Amino acid sequence: MAEVDGRKLDQAGVGYEDAALFCGPCGDVKASSFCKECHEYLCSSCTRCHERLESIKHHQLLKGAQFPYVYPTRQKITSDSESFEKCNDHPLEDIKIFCKTHHVLCCVACSVAMHEHCKKDYIPDIAQSYAKGAEYSKLQTDIQHLDQLGVHCQADIDRCMKEVDELNWDEVDKLKKYKEDIIEYLNKREKELIAEMQQLHDHDLSLLNDIQARLKTWQSDLGDAKAKLQSHQQNTYKLFLTAKRTLTLVDQLQDSLNGMQQQTRYQHYELVKDDRMEKILTDWTGVATLKSADVEEEIGNWTMFYLGLTPIKLFNF
């Protein structure tokens, strides 16, 4: 009921007298009737709608001589068991109408303005029997079913969380083992290559050492020849004999030196990187990737999806 400034409480303190009474739904239109069931003053337009609405047309409307200029306030009439919610669009109005067409709760003002031609129920008339009806029974069953599904869903989440941890541990262990295998292989190849290099090194060094030893002998023979020639400088006969013999030695020393110079070589080698390994090292998905695996598993009425991951580079050497 819309309250207007200037109304006076009756002597009992529960109503109004000697004041203009206005339509509850409209607020600023003078009332012409009063609904005993809704405890609402209504203007002539709202009265006509009240009489036409299927859900509330049976309500008793007080008009004319029966129009109550003094009526107990709604708080006094409403029983303690009733507690009406207010309409969001009409704060002074109680939610008493359920629009069956649009499945919305509304007040009488909303019903007149937006749901005049809809199928409606008057909530105070059906509320007491609703708890025993099929819809409420089904609602309770559905809630219990949802509760059970929620429990199952939580169990699935717990299981999946455990499996996610286990999957991570297993795959990380697999990755570490794979890395160990790769490192072991690289260490093996490193040892093999170093051994091959050492073999080449030792072979070349052995040859050079042999040439060096022969060169020392050669240098000794050449020194002896020089010394003999020097010792016979005063004796031309001896010098002639020694010189003739030394000519043959010089030819031999020259041939020997030429041979040593030709043999003074070593095998040149160079490490050639493997093309396949180079590709792995330059490829951002090298060594390993995470394979995408979309696995769908039915669990009761729930469907769980395990989505694969985008390939990522795990490590590099």
Side-chain angles (χ1 to χ4, degrees), residues 164-293 308-317:
V164 163
D165 286 339
E166 292 174 349
L167 174 64
N168 179 257
W169 296 332
D170 290 344
E171 295 307 305
V172 169
D173 287 343
K174 214 185 289 184
L175 174 61
K176 291 180 178 179
K177 179 61 170 61
Y178 185 42
K179 180 180 177 181
E180 291 174 358
D181 292 341
I182 293 174
I183 293 174
E184 182 181 355
Y185 171 78
L186 291 176
N187 289 336
K188 177 176 175 292
R189 285 298 296 143
E190 181 186 38
K191 290 179 180 179
E192 291 172 351
L193 289 170
I194 290 176
E196 188 176 349
M197 293 177 188
Q198 189 65 44
Q199 184 178 5
L200 293 172
H201 168 271
D202 293 346
H203 177 268
D204 290 339
L205 193 61
S206 176
L207 290 176
L208 292 172
N209 285 332
D210 180 65
I211 295 172
Q212 187 177 45
R214 286 159 53 196
L215 179 61
K216 287 182 179 180
T217 302
W218 181 89
Q219 289 172 335
S220 177
D221 292 343
L222 180 62
D224 290 343
K226 288 169 59 179
K228 287 179 181 181
L229 289 173
Q230 186 66 32
S231 65
H232 296 301
Q233 290 293 321
Q234 303 301 323
N235 187 333
T236 56
Y237 174 75
K238 290 287 185 182
L239 180 63
F240 178 82
L241 295 178
T242 303
K244 288 297 182 177
R245 294 186 181 111
T246 302
L247 287 174
T248 303
L249 177 63
V250 168
D251 290 339
Q252 293 173 350
L253 290 174
Q254 182 64 55
D255 292 340
S256 178
L257 182 61
N258 289 339
M260 287 187 291
Q261 287 178 331
Q262 291 176 1
Q263 293 173 0
T264 305
R265 300 286 186 271
Y266 64 90
Q267 301 180 75
H268 182 77
Y269 55 86
E270 178 183 7
L271 181 68
V272 178
K273 297 180 180 179
D274 184 76
D275 292 339
R276 293 168 297 177
M277 182 60 72
E278 283 294 288
K279 185 177 184 303
I280 291 175
L281 295 177
T282 57
D283 187 355
W284 75 280
T285 60
V287 180
T289 59
L290 296 183
K291 183 179 179 181
S292 177
L309 303 176
T310 303
I312 57 173
K313 189 166 186 179
L314 299 179
F315 58 83
N316 223 337
F317 293 99

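Just so it is clear, the model here is predicted, and its values are computed rather than measured. Start at 1 with the first residue, then count along the sequence.
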Euclidean distance, His201 NE2 relative to Ile194 CD1, rounded to 0.5 Å: 13.5 Å
Any side-chain heavy-atom pair of Gln219 and Leu215 under 4.5 Å: yes
Flag, side chain of Ser231 to backbone of Lys228, donor-acceptor distance under 3.5 Å: yes
Contact summary for Ala225 and Leu249, nearest pair of heavy atoms: CB-CD2, 3.7 Å
Atom CD of Gln198 with >12 non-hydrogen neighbours under 6.0 angstrom: yes
More than 12 heavy atoms from other groups under 6.0 Å of OH on Tyr266: no
Student check: side-chain heavy atoms of Leu186 and Met277 closer than 4.5 Å: yes
Beyond-backbone contact of Leu241 with His232, side-chain heavy atoms, under 4.5 angstrom: no
Other residues, nucleotides, ligands: >12 heavy atoms within 6.0 Å of Gln199 CD: no
Pair listing, salt bridge (Lys or Arg N to Asp or Glu O under 4.0 Å) test, anchored in residues 201-217, at least two apart: Asp210-Arg214
Spatial distance of atom CG (Asn258) from atom CE (Met260) [nearest 0.5 Å]: 9.0 Å
Neighbour count >12 (heavy atoms, 6.0 Å) for atom CD, Gln267: yes
Side-chain heavy atoms of Leu193 within contact of Arg189, under 4.5 Å: yes
Point-to-point distance, once rounded to the nearest 0.5 Å, from OG1 of Thr242 to CZ of Phe240: 10.5 Å
Point-to-point distance, once rounded to the nearest 0.5 Å, from CD of Glu196 to CG of Leu271: 10.0 Å
Separation of Thr246 OG1 from Leu222 CG (nearest 0.5 Å): 10.0 Å
Separation between NE2 of His203 and CG of Leu205, rounded to the nearest 0.5 Å: 11.0 Å
Salt bridge flag under 4.0 Å for residues Glu192 and Lys188: yes
Nearest non-hydrogen partners of Arg265 and Leu208, listed with the distance: O-CD2, 3.9 Å
Donor-acceptor contact below 3.5 Å, side chain Asn187 vs main chain Ile183: yes
Nearest heavy atoms of Trp218 and Gln254, plus distance in Å: NE1-N, 4.4 Å
4.5 Å side-chain heavy-atom contact, Lys176 and Lys179: no
Pair Glu180 + Lys177, salt bridge at N-O below 4.0 Å: no
